Amino acid sequence: FREENSVVALQIPGEGRREVAVPMLGTSTRVALSSLHTCTLMVEPVSSSSTFDVPCRLMTVVPTMMAYSELPNFEVGICQQLTHHIIWLGPGMSTHLYWQAPDKPRQWQLVLRPLTQPGKEPLKPLPTDLSLPFGLSEKGVGAYPLAFTTRFALKDGRPGKSFKQLACLQVDQSGELFTFTITEAKHCHQLINRHPCLVVDATFHGEGEKHVVLPNNSCYLGRAAEKWDVEPRLRERLNLELVDAFD
């Protein structure tokens, strides 16, 4: 660290040294420590009561991307687009994220699988079960209800019959730090049918699967994970059809 120029030198093993301008107090800046390791340099104030009134600041280098799972009964798989290395997170787990291949698209894909029972082989998901790729950026901050294609494993670990599992992808930003969290279906959109005798058939634009809500009932719903951001402007368009419950 050179105080006169407000520059700090950062280096990880096997890589060259990076000189980074120190950001203003209370802010952060992004720095690539290698072609795979994107990190964030944060500068925070330190209470003068713990430094005998000597002005100090705390500089911290952390991974730019973090992932969290708050989904019970399932493992969340995370991989960089067009790579085959999947990081698995169980309920309540978290991980930092670095790129897995420098020459592949810098986007992430998700997949779910039921928790593996003791003595059974973990499920090897099919490529078609992966969500559509997504990036972590300021314009992508928000909550996205998604219906993931998942499967129970057969005895030898091969994937069995598929079914849909609803979950909510929450993308957050704090300065140059980005996080995403997979949470339960109760955080997704909810469709409530208060009519006493009409059934509501709901479909998302571009999807064929119907969400059927009986009279005086409700359901949580979300877009298919493999289609959710094909056309962002139509992402949340929901088509509703009313049907007489007695037909």
Side-chain angles (χ1 to χ4, degrees), residues 12 28 30 33-34 36-40 42 60-101 104-137 140-153 157-160 162-188 220 222-226 228-229:
I12 59 176
S28 60
R30 189 176 300 188
L33 295 181
S34 76
L36 300 177
H37 299 85
T38 303
C39 295
T40 295
M42 303 187 302
T60 309
V61 179
V62 297
T64 295
M65 298 174 289
M66 293 285 297
Y68 299 84
S69 173
E70 297 178 359
L71 188 64
N73 305 318
F74 285 86
E75 290 180 290
V76 178
I78 307 165
C79 68
Q80 184 181 350
Q81 185 182 1
L82 300 182
T83 65
H84 302 289
H85 176 63
I86 299 180
I87 302 169
W88 291 101
L89 296 181
M93 294 178 61
S94 63
T95 185
H96 58 265
L97 294 174
Y98 293 124
W99 300 114
Q100 299 163 345
K104 301 300 182 183
R106 301 215 156 187
Q107 297 198 87
W108 298 103
Q109 291 179 278
L110 302 175
V111 66
L112 301 185
R113 71 181 181 190
L115 288 175
T116 304
Q117 298 298 319
K120 288 190 175 182
E121 287 290 325
L123 173 68
K124 298 178 178 63
L126 298 177
T128 52
D129 294 344
L130 289 167
S131 73
L132 213 64
F134 66 95
L136 294 178
S137 64
V141 171
Y144 305 97
L146 300 176
F148 289 87
T149 298
T150 187
R151 304 165 191 272
F152 285 106
R158 291 185 297 113
S162 68
F163 64 94
K164 291 292 187 180
Q165 174 61 38
L166 194 61
C168 186
L169 169 65
Q170 299 175 344
V171 180
D172 296 300
Q173 178 186 12
S174 177
E176 290 295 329
L177 298 177
F178 287 89
T179 63
F180 67 82
T181 306
I182 300 294
T183 61
E184 298 178 70
K186 66 181 182 181
H187 298 285
C188 297
Y220 294 102
R223 292 224 59 166
E226 62 271 20
W228 69 284
D229 64 350

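Just so we're clear, the structure is a prediction, and the values are computed from it rather than from any experiment.
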Review point. Can you tell if the side chain of Pro114 reaches within under 4.5 Å of the side chain of Thr150, non-hydrogen atoms only?
Key: yes
Check your understanding: Taking side chain as C-beta onward, heavy atoms only, is Val61 less than 4.5 Å from Thr40?
Key -> no
Grab the two heavy atoms, one from [X] and one from [Y], that are nearest each other, plus how far apart they are.
{"X": "Ala67", "Y": "Leu97", "value": "CB-CD1, 3.9 Å"}
{"X": "Pro91", "Y": "Leu115", "value": "CD-CD2, 3.8 Å"}
{"X": "Lys164", "Y": "Thr149", "value": "NZ-OG1, 2.8 Å"}
{"X": "Pro72", "Y": "Glu70", "value": "CD-O, 3.4 Å"}
{"X": "Ile86", "Y": "Gly77", "value": "CG2-CA, 3.6 Å"}
{"X": "Ala185", "Y": "Tyr220", "value": "O-CD2, 3.3 Å"}

Taking atom [atom1] of [X] and atom [atom2] of [Y], what is their separation to the nearest 0.5 Å?
{"X": "Tyr68", "Y": "Leu89", "atom1": "OH", "atom2": "CG", "result": "11.0 Å"}
{"X": "Tyr98", "Y": "Ile87", "atom1": "OH", "atom2": "CD1", "result": "11.0 Å"}
{"X": "Met65", "Y": "Thr179", "atom1": "CE", "atom2": "OG1", "result": "12.0 Å"}
{"X": "Gln165", "Y": "Leu146", "atom1": "CD", "atom2": "CG", "result": "11.5 Å"}
{"X": "Leu136", "Y": "Arg106", "atom1": "CG", "atom2": "CZ", "result": "12.5 Å"}
{"X": "Ser162", "Y": "Leu126", "atom1": "OG", "atom2": "CG", "result": "9.0 Å"}

Practice item. Please report the C-alpha distance between Ile182 and Leu169 in whole Å, then the side-chain angles of each, then the deciding distance to 0.1 Å, and finally whether the side-chain contact (heavy atoms from CB on, under 4.5 Å) criterion is met. Key: CA-CA 5 Å; Ile182 300 294; Leu169 169 65; 3.7 Å; yes
So does [Y] get a backbone contact from the side chain of [X], meaning a donor-acceptor N/O pair under 3.5 Å?
{"X": "Ser34", "Y": "His37", "answer": "yes"}
{"X": "Thr38", "Y": "Thr64", "answer": "no"}
{"X": "Gln80", "Y": "Ala101", "answer": "yes"}

Point to revise | Derivation of the side-chain contact (heavy atoms from CB on, under 4.5 Å) call for Glu184 and Phe74 | key: CA-CA 10 Å; Glu184 298 178 70; Phe74 285 86; over 6 Å; no
Exercise for review: Test side-chain contact (heavy atoms from CB on, under 4.5 Å) on Ser131 and Trp108 and set out the steps.
Suggested key: CA-CA 9 Å; Ser131 73; Trp108 298 103; over 6 Å; no
Check your understanding: With respect to Phe134, which candidate in Tyr144, Phe180, Phe178 satisfies the ring pair (Phe, Tyr, Trp, His ring centres under 6.0 Å) definition?
Key -> Phe180
Check your understanding: Side chains of Gln100 and Thr83: donor-acceptor distance under 3.5 Å anywhere?
Key -> yes
Practice item. Start with the C-alpha gap between Leu130 and Cys79, add the side-chain angles, then the distance that decides, and say whether side-chain contact (heavy atoms from CB on, under 4.5 Å) holds. Key: CA-CA 9 Å; Leu130 289 167; Cys79 68; 4.1 Å; yes
